[in-house]
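The residues of the chain are indexed from 1 along the displayed sequence.
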Amino acid sequence: MWQTPRRFAGLLARGALSVLVVLSWPGSAMRAQVGAPPKYEVDATWPKPFPDRWVIGGLGGLCVDANDHVLILNRQDVLDADLNAGHLAPPIIELDSAGNLIHSWGDPALLDPRLHSCYFDKNNDVWIAAAPSGMVQKYSHDGSKLLAQIGKKGVLDSSDGTEKGQPLNSNAPRFFMPSSIYEDPQNGDVYVSDGESRRSNRRIAVLDSKGNFLRQWQPEGMETVHCMSVSNDGFVYVCNRENARLQVYDKMGKFLKNISIPWKPYTEPPNGKATDSGGAAVSLEFSRDRTQKLMYLINQNNSQVEVIDRETGKILSSFGRAGHFVGQFDQPHGIAVDSKGNVYVTENRGKRVQKFHLVSP
């Protein structure tokens, strides 16, 4: 239903601690073809402290707008005891590239609390997906207006309309657990990955600019359809979370290829068999150059970000590790990249967002 509405050297410099993570980097406009590869440096001063003793919960996804402002999705799942020491932060928080708070918003009556991902369209308005909400929504940039909604809050595409029902994967503009959204800037078509968790739908649904159902496909061999990104040249990349790969399709749903995302347990399991602890393909973002040469993928099994050559599918390098210190991750969940090549990562259990910025060689 459519409605209108990040060498660790203990270095202190100007009070800022920086941890450098060296990445190999393919030839690009960001550096000369010959020379030392660039580095990523986690910015421990970003973001700036929140006002009014804000307490944030687990963070779902995040996205970057045309002004390189970062929008983070706060699930507000905090402990009651935490609220003795502060105030619950709003659901939607907008920060500038320096880490300053620009704006916050979110009406609980309209939004679903388990916020999952967001996407800015060509007009700088923002799509938001929450699971299990049964809907995706489009808001004006400042959140003051609900511009569009597909599906109905609280009514899921299941046999009984709830989480407990059997998934239907209906040929209809309604959802079970929407995970990612993309709006085609050419024709306004809206792509939704619907299948954030097991026992939900497992599909990519495509709607027209008015929210009418056009088509869908169910990516093969997926327990969940946890994330999706569409490249400028029209390829649809879908995260096969548990089976350690990306699956690539054209816009009509024709399968093109797999991109393997290998991983390994650093502690040998007792039975010698590696077991997923979150999945190897959890959240995906492209670099902002015209050809989108690089992909950035969250590998939750190893608590790191994989930097991938989009053409070849080769993992060029990785950064991050499990932990709670600066530059480490506790269940990384969302990833976004700005026009300067800065990478932003949200953590669900870690309840924070970190910025990794490009350092010129």
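Across all non-hydrogen atoms, the minimal contact from Ser170 to Asp157 is OG-OD1, 2.7 Å. Minimum interatomic distance between Ala130 and Asp112 (heavy atoms only, all atoms of both residues): CB-CB, 3.5 Å. For Gln328 against Arg352, the heavy-atom pair with the smallest separation is O-NH2, 2.7 Å. Nearest heavy-atom pair across Arg290 and Asn232 is O-ND2, 3.2 Å. Across all non-hydrogen atoms, the minimal contact from Val282 to Pro332 is CG1-O, 4.5 Å.
Under 4.0 Å is where a charged nitrogen must lie from a carboxylate oxygen, and between Asp184 and Lys251 at least one such pair does. Between Lys314 and Asp309, none of the side-chain N atoms (NZ, or NE/NH1/NH2) sits under 4.0 Å from a carboxylate O, so this pair counts as no salt bridge.
A distance of 6.5 Å separates NE2 of His69 from OG of Ser97, quoted to the nearest 0.5 Å. Atom OG of Ser317 and atom CD1 of Ile308 lie 11.5 Å apart (nearest 0.5 Å).
In this structure, the side chains of Cys239 and Leu297 come closer than 4.5 Å at one or more pairs of heavy atoms. Annotation: side chain of Gln354 is in contact with side chain of Glu347 (closest heavy-atom distance under 4.5 Å).
Between Tyr237 and Phe286, the angle of the ring planes goes over 60°, which puts this pair in the perpendicular group of the 30/60° scheme. Ring pair His116/His333 is perpendicular by interplanar angle, where above 60° counts as perpendicular and below 30° as parallel. Aromatic ring orientation, Phe319 versus Tyr40: parallel (interplanar angle below 30°, classes split at 30° and 60°). Relative ring orientation between Trp46 and Tyr344 is described as tilted, the plane-to-plane angle lying within the 30° to 60° band.
Every residue two or more places apart in sequence or in another chain that forms a salt bridge (charged side-chain N to carboxylate O under 4.0 Å, His left out) with Arg202 is listed here: Glu223. Taking Pro91 as the reference, Gln76, Leu111, Leu115 meet the side-chain contact (heavy atoms from CB on, under 4.5 Å) condition, with sequence neighbours excluded. Arg349 is linked by a salt bridge (charged side-chain N to carboxylate O under 4.0 Å, His left out) to Asp330, counting only residues two or more places apart in sequence or in another chain. Taking Ser158 as the reference, Asp160 meet the side chain to side chain donor-acceptor pair (under 3.5 Å) condition, with sequence neighbours excluded.
Legend: ring-ring contact (aromatic ring centres under 6.0 Å, His included) pairs involving residues 142-178, not counting sequence neighbours: none detected. Sorted by first and then second residue, the disulfide bond (SG atoms under 2.5 Å apart) pairs with a member in residues 115-198 read Cys63-Cys118; sequence neighbours excluded.
Around atom NZ of Lys257, more than 12 heavy atoms belonging to other residues, nucleotides or ligands sit under 6.0 Å away. Within a 6.0 Å sphere centred on CD of Glu311, other residues, nucleotides and ligands contribute 12 heavy atoms or fewer. The neighbour count for Arg53 CZ, taken as heavy atoms of other residues, nucleotides or ligands under 6.0 Å away, does not exceed 12.
With no hydrogens or angles considered, a side-chain donor-acceptor pair links Asn187 and Asp189 at under 3.5 Å. A donor-acceptor contact closer than 3.5 angstrom is absent between the side chains of Gln216 and Gln218.
Screening Glu242, Met177, Glu196 against Thr224 for a side-chain contact (heavy atoms from CB on, under 4.5 Å) leaves a single residue, Glu242.
Grouping the Ile, Leu, Val, Met, Phe, Trp and Tyr side chains by contacts below 4.5 angstrom, directly or via other members, places Leu284 with Ile315. Val238 and Ile261 are members of different hydrophobic clusters when ILVMFWY side chains are connected at heavy-atom separations under 4.5 Å.
Geometric assessment of Lys264 against the ring of Tyr266 yields a positive cation-pi assignment under the 6.0 Å and 45° thresholds.
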